[in-house]
Amino acid sequence: MVSAGAQVGVLAACVVLFVPMGLAGWHLSRNKVLFFSGALFVSLAVGVHLSPYLPSLPHLLVSSFHPIRPAAPSSSSSASCISVLHRVSWADAEPHGGGRAWSWPPSLAATCGFARLTRDDASTLLNGSWVMVAGDSQARLLVLALLRLLLDPAAAAAAEPELFRRHSDYHAAVPARGISVDFIWAPFESNLTRLLREDLRLAPRTPDVLVLGSGLWHMLHVTEASQYGDALASIADAANSLRSPLPVPPPHMFWLGLPWLVNPMLNTDAKKEHMNDTMLKAYDREVDERCILRRDGGPFRLLDVGKLSRGCERQCTADGMHYNDVVYDAVMHIMLNALVIESQQRI
């Protein structure tokens with residue numbers, strides 16, 4: 001039996017823990033990505049508070065809770081783990097070299113807890129969240145990768161024709177988890193700036209996860225890297241304006257980098273003329289120098305499609321610009337693992 005002192009201790013611990021958690025309920029409802037990390041935090045905190053009274057309880061709590069990832073980095077190592085998320089290895093897929101496959105090195109996965117999320121894992125992580133991806137065809141392919149993870153195969157196959165309707169927006173939902181996914185066709189940087197300054201500023205809420213990316217259309221039709229850089233600066237400024245003065249977490253924001261362009265494989269003369277390696281380097285340099293990325297004090301965390309597509313090599317593309325599903329699958333899992341780490345940092 002539990003002694004009177006233990007009962008008082010249990011009651012005190014519950015008051016200390018769950019009254020603040022109740023007051024934080026509205027705050028968390030604005031960003032459900034926090035719930036996964038919050039569950040882990042509460043489980044461990046309860047165990048710590050009750051351990052003097054019920055010594056076996058922390059063990060029971062920890063053993064009964066199954067986190068999304070096999071191990072989570074400590075807060076002191078979170079930044080270093082995020083910085084190596086793109087350090088993946090590529091190899092010919094088995095059997096008989098059928099395509100390419102990627103993975104994190106085992107030592108890195110063990111140290112930082114990186115893992116490919118299952119459908120249940122991703123649904124738990126994004127429970128109640130609004131995910132918005134805006135940009136060109138690269139952004140559309142990332143949405144397809146996300147839908148293939150969140151939906152069952154039949155539902156994902158049914159969604160694909162609608163998603164790939166030419167130059168159009170798309171909306172999908174996972175009602176059982178309260179997840180909304182929106183793709184916004186926004187091939188030019190001015191489209192993204194308008195989305196941030198007008199559409200989202202007037203919306204009753206902002207997305208929990210916001211992925212933006214552009215540059216291919218600008219490179220083809222404008223072909224002026226410095227103008228692209230000016231447009232990026234405007235996007236970063238507009239993204240910073242989404243940060244609310246209220247105690248509500250801002251969106252988790254990602255920038256979808258440009259893919260590796262295999263010039264001889266591009267399918268029009270205009271693309272071969274304007275979208276060459278020299279121009280790609282100039283556009284990538286503007287991303288690095290315009291302080292739009294988190295590493296430079298900007299609002300966006302980079303999803304480095306260029307690095308991943310180079311790793312997959314030219315056998316992963318049919319047109320020198322758009323890549324096989326495996327590349328966008330890697331981009332998606334890198335983003336989801338970054339979300340897990342960022343959510344832990346916000347607690």
Is the backbone N or O of [Y] less than 3.5 Å from a side-chain atom of [X], with the two atoms forming a donor-acceptor pair by type?
| X | Y | answer |
| --- | --- | --- |
| Asp296 | Leu293 | no |
| Asn263 | Lys272 | yes |
| Ser83 | Ser80 | yes |
| Asn324 | Val326 | no |
| Ser309 | Trp260 | yes |
| Asp199 | Leu196 | no |
| Asp237 | Ala233 | no |
| Ser89 | Trp104 | no |

Flag the pair [X] / [Y] as yes when at least one side-chain heavy-atom distance between them is below 4.5 Å, and no otherwise.
| X | Y | value |
| --- | --- | --- |
| Pro207 | Val131 | no |
| Phe254 | Leu339 | yes |
| Glu313 | Trp90 | no |
| Trp255 | Ser214 | yes |
| Glu189 | Asp230 | no |
| Thr193 | Glu198 | no |
| Met132 | Leu195 | yes |
| Met253 | Arg294 | no |

* Asked: Is it the case that one hydrophobic cluster holds both Leu280 and Val222, taking links as side-chain heavy atoms less than 4.5 Å apart, direct or via other members?
  -> no

* Flag yes if Leu147 and Phe164 sit in one hydrophobic cluster, no otherwise; membership is Ile, Leu, Val, Met, Phe, Trp, Tyr, and two members link when side-chain heavy atoms are under 4.5 Å apart. => yes

Quick one: pull up [atom1] in [X] and [atom2] in [Y] and give me the separation to the nearest 0.5 Å.
| X | Y | atom1 | atom2 | result |
| --- | --- | --- | --- | --- |
| Arg140 | Ile184 | CZ | CD1 | 11.0 Å |
| Leu150 | Leu125 | CG | CG | 9.5 Å |
| His252 | Phe300 | NE2 | CZ | 14.5 Å |
| Ser234 | Arg290 | OG | CZ | 9.0 Å |
| Met321 | Leu258 | CE | CG | 10.0 Å |
| Leu200 | Arg194 | CG | CZ | 12.5 Å |

Check this for me: [X], atom [atom1], are more than 12 non-hydrogen atoms of other residues, nucleotides or ligands nearer than 6.0 Å?
| X | atom1 | value |
| --- | --- | --- |
| Arg119 | CZ | yes |
| Asp269 | CG | no |
| Lys307 | NZ | no |

* Asked: Going through the distances and angles, do Val305 and Leu142 end up as a side-chain contact (heavy atoms from CB on, under 4.5 Å)?
  -> CA-CA 10 Å; Val305 182; Leu142 176 60; over 6 Å; no

Looking only at heavy atoms, what is the nearest atom pair of [X] and [Y], with distance?
| X | Y | result |
| --- | --- | --- |
| Leu149 | Ala122 | CD2-CB, 3.6 Å |
| Leu192 | Ala186 | CD2-CB, 3.6 Å |
| His322 | Ser137 | NE2-OG, 2.7 Å |
| Arg201 | Leu242 | CD-CD2, 4.1 Å |
| His274 | Leu220 | CD2-O, 3.7 Å |
| Ser168 | Glu162 | OG-O, 4.5 Å |

* Intermediate values then yes/no, side-chain contact (heavy atoms from CB on, under 4.5 Å), Leu216 and Tyr283 -> CA-CA 9 Å; Leu216 292 176; Tyr283 273 61; over 6 Å; no

* Asked: In terms of ring plane angle, is the pair Tyr228 and His218 parallel, tilted or perpendicular, where the classes change at 30° and 60°?
  -> tilted

* To do: Over 60° means perpendicular and under 30° means parallel, so classify the ring planes of Trp217 and His167, tilted if in between.
  => perpendicular

* Asked: By side chain to side chain donor-acceptor pair (under 3.5 Å), which residues pair with Asp288, not counting sequence neighbours?
  ->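 Once residues adjacent in sequence are excluded, the partners of Asp288 under the side chain to side chain donor-acceptor pair (under 3.5 Å) criterion are Arg295.
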
* Asked: Under the side chain to side chain donor-acceptor pair (under 3.5 Å) test, which residues partner Trp102, sequence neighbours left out?
  ->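 For Trp102 the side chain to side chain donor-acceptor pair (under 3.5 Å) partners, ignoring immediate neighbours, are Asp329.
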
* Please report the C-alpha distance between Asp319 and Lys271 in whole Å, then the side-chain angles of each, then the deciding distance to 0.1 Å, and finally whether the salt bridge (charged side-chain N to carboxylate O under 4.0 Å, His left out) criterion is met. => CA-CA 11 Å; Asp319 64 1; Lys271 290 178 181 177; 5.9 Å; no

* Could you point out which residue of Leu126, Leu163, Leu146 forms a side chain to side chain contact (heavy atoms under 4.5 Å, CB included) with Val181? =>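 So, applying the side chain to side chain contact (heavy atoms under 4.5 Å, CB included) to Val181 and each of Leu126, Leu163, Leu146, only Leu146 qualifies.
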
* Could you check Leu303, Asp304, Ile82 and say which one makes a side chain to side chain contact (heavy atoms under 4.5 Å, CB included) with Ile334? => Leu303

* Steps toward side-chain contact (heavy atoms from CB on, under 4.5 Å) verdict (Asn337, Arg116) -> CA-CA 8 Å; Asn337 277 261; Arg116 296 180 189 235; over 6 Å; no

* To do: Please step through side-chain contact (heavy atoms from CB on, under 4.5 Å) for the pair Leu308 and Val88, ending with a clear verdict.
  => CA-CA 8 Å; Leu308 296 169; Val88 304; 3.7 Å; yes

* Does anything in residues 295-331 pair up under disulfide bond (SG atoms under 2.5 Å apart), and if so which pairs, sequence neighbours excluded? -> Cys312-Cys316

* Does a donor on one side chain sit under 3.5 Å from an acceptor on the other, for Gln138 and Tyr328? ->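 Yes, Tyr328 and Gln138 have a side-chain donor paired with an acceptor closer than 3.5 Å.
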
